[in-house]
Student: 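Let me begin by handing over the structure; questions about it come next.
Within every chain, numbering begins at 1; the chains are lettered A, B, ... in the order of the sequence lines, protein sequences first and strands thereafter.
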Amino acid sequence: MIFLYGGREDMNKNSNKASDARVTLSDGSERLLSDLWKKQPLVLIFLRHLG
Amino acid sequence: MAQLRQKKQYFDRAGAQVALVGMGTPEDSAAFEMKFDVPFPLISDPKRQLYQAFGLRMVSTLELLSPSVAVKGILAITKGHTVGIPIGDVRQLPGVFIINTNGRIVYSHFAGDPSDHPDPDTILEALKDTK
């Protein structure tokens, strides 16, 4: 389950603030997406599919 | 995936965190990680909520079956890319974003078709602009 925070309309434009989300990782743990960019830039790669 | 894995040390040197998003369940994602020796965190998004939030669109079935996409697929196979049974909606287009430490999107790539991926060097080059 992913819970989104903030306005999603801003997410697809450069220089706009990325909305935060609570995400689930492959080990089942949950964390805020923003935890991944707090200390270093985040390269977020959306895969077309797994497999 | 192989290209990304090979460039991990360059992303590390650039001081970047790389994370992947896939449409599988955590179990699907864990299996994918193991199969492809994925060295990055993998976010499970089976309902495509994050894909939608970032504005990544889906192609129509007609676009998916277009000759140009088929040719690119065949070329990918000839380059050694493997084709397995896909988990997730194959109509979903991929994308890449760089988010800086202020939480701002400083680079975005919206795939124009299913085979449209920026190569890792392009992403690494874009990372230089985040500093």
Student: Might you work through the side chain to side chain contact (heavy atoms under 4.5 Å, CB included) test for A:V23 and B:D45, ending with a clear yes or no?
Tutor: CA-CA 8 Å; A:V23 298; B:D45 186 14; over 6 Å; no
Student: Kindly determine whether B:F40 and A:V43 satisfy side chain to side chain contact (heavy atoms under 4.5 Å, CB included), including the steps that lead there.
Tutor: CA-CA 10 Å; B:F40 309 112; A:V43 178; over 6 Å; no
Student: So for B:Q92, is it side chain, backbone, both, or neither that comes closer than 4.5 Å to the heavy atoms of chain A?
Tutor: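 Both parts, backbone and side chain.
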Student: Under the salt bridge (Lys or Arg N to Asp or Glu O under 4.0 Å) test, which residues partner B:E27, sequence neighbours left out?
Tutor: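 So B:E27 forms no salt bridge (Lys or Arg N to Asp or Glu O under 4.0 Å) with any residue.
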Student: Might you point out which heavy atoms bring A:K39 and B:T101 nearest each other, and give the distance in Å?
Tutor: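 Heavy-atom minimum between the residues: C-CG2, 3.7 Å.
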Student: Could you point out which residue of B:L42, B:I43, B:L4 forms a side chain to side chain contact (heavy atoms under 4.5 Å, CB included) with A:I45?
Tutor: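 Passing option: B:L4.
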Student: Taking B:Y51 for the side chain and A:R48 for the main chain, is one N or O donor matched with an acceptor at less than 3.5 Å?
Tutor: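 No; zero donor-acceptor contacts below 3.5 Å.
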Student: So, taking the atom named NZ in A:K38 and the one named CD1 in B:I99, what distance separates them when rounded to the nearest 0.5 Å?
Tutor: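 Separation between the atoms: 13.5 Å.
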Student: In this structure, would B:L50 and B:M58 fall into the same cluster of hydrophobic residues linked by side-chain contacts under 4.5 Å?
Tutor: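 Not linked; separate clusters.
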Student: What residues, two or more places apart in sequence or in another chain, satisfy side-chain hydrogen bond (donor to acceptor under 3.5 Å, both in side chains) together with B:H109?
Tutor: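 In terms of side-chain hydrogen bond (donor to acceptor under 3.5 Å, both in side chains), with neighbours along the sequence ignored, B:H109 is linked to B:D116.
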Student: Please look at B:D28 and chain A and tell me whether the side chain, the backbone, both or neither of the residue comes under 4.5 angstrom of a heavy atom of that chain.
Tutor: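 Contact with chain A: backbone and side chain both.
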Student: Quick one: closest heavy-atom pair of A:P41 and B:I98, and the distance?
Tutor: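 Between these two residues, the closest heavy atoms are CB-CG2, 4.5 Å.
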Student: Among B:H117, B:R91, B:E33, single out the residue with the greatest number of heavy-atom pairs under 4.5 Å to chain A.
Tutor: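 Counting heavy-atom pairs under 4.5 Å, the top option is B:E33.
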Student: Counting only heavy atoms closer than 4.5 Å, note whether B:L56 contacts chain A via side chain, backbone, both or neither.
Tutor: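 For B:L56, the side chain is the part near chain A, not the backbone.
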Student: What's the spacing between B:Y107 OH and A:L44 CG if we round to 0.5 Å?
Tutor: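 Reported to 0.5 Å precision, the distance equals 12.5 Å.
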Student: How are the rings of B:F97 and A:F46 set relative to one another: parallel (under 30°), tilted (30 to 60°) or perpendicular (over 60°)?
Tutor: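 Ring orientation of B:F97 relative to A:F46: perpendicular.
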Student: Going from CD on B:Q17 to CG on A:D35, what distance comes out if it is rounded to the nearest 0.5 angstrom?
Tutor: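 B:Q17 atom CD to A:D35 atom CG measures 10.5 Å (nearest 0.5 Å).
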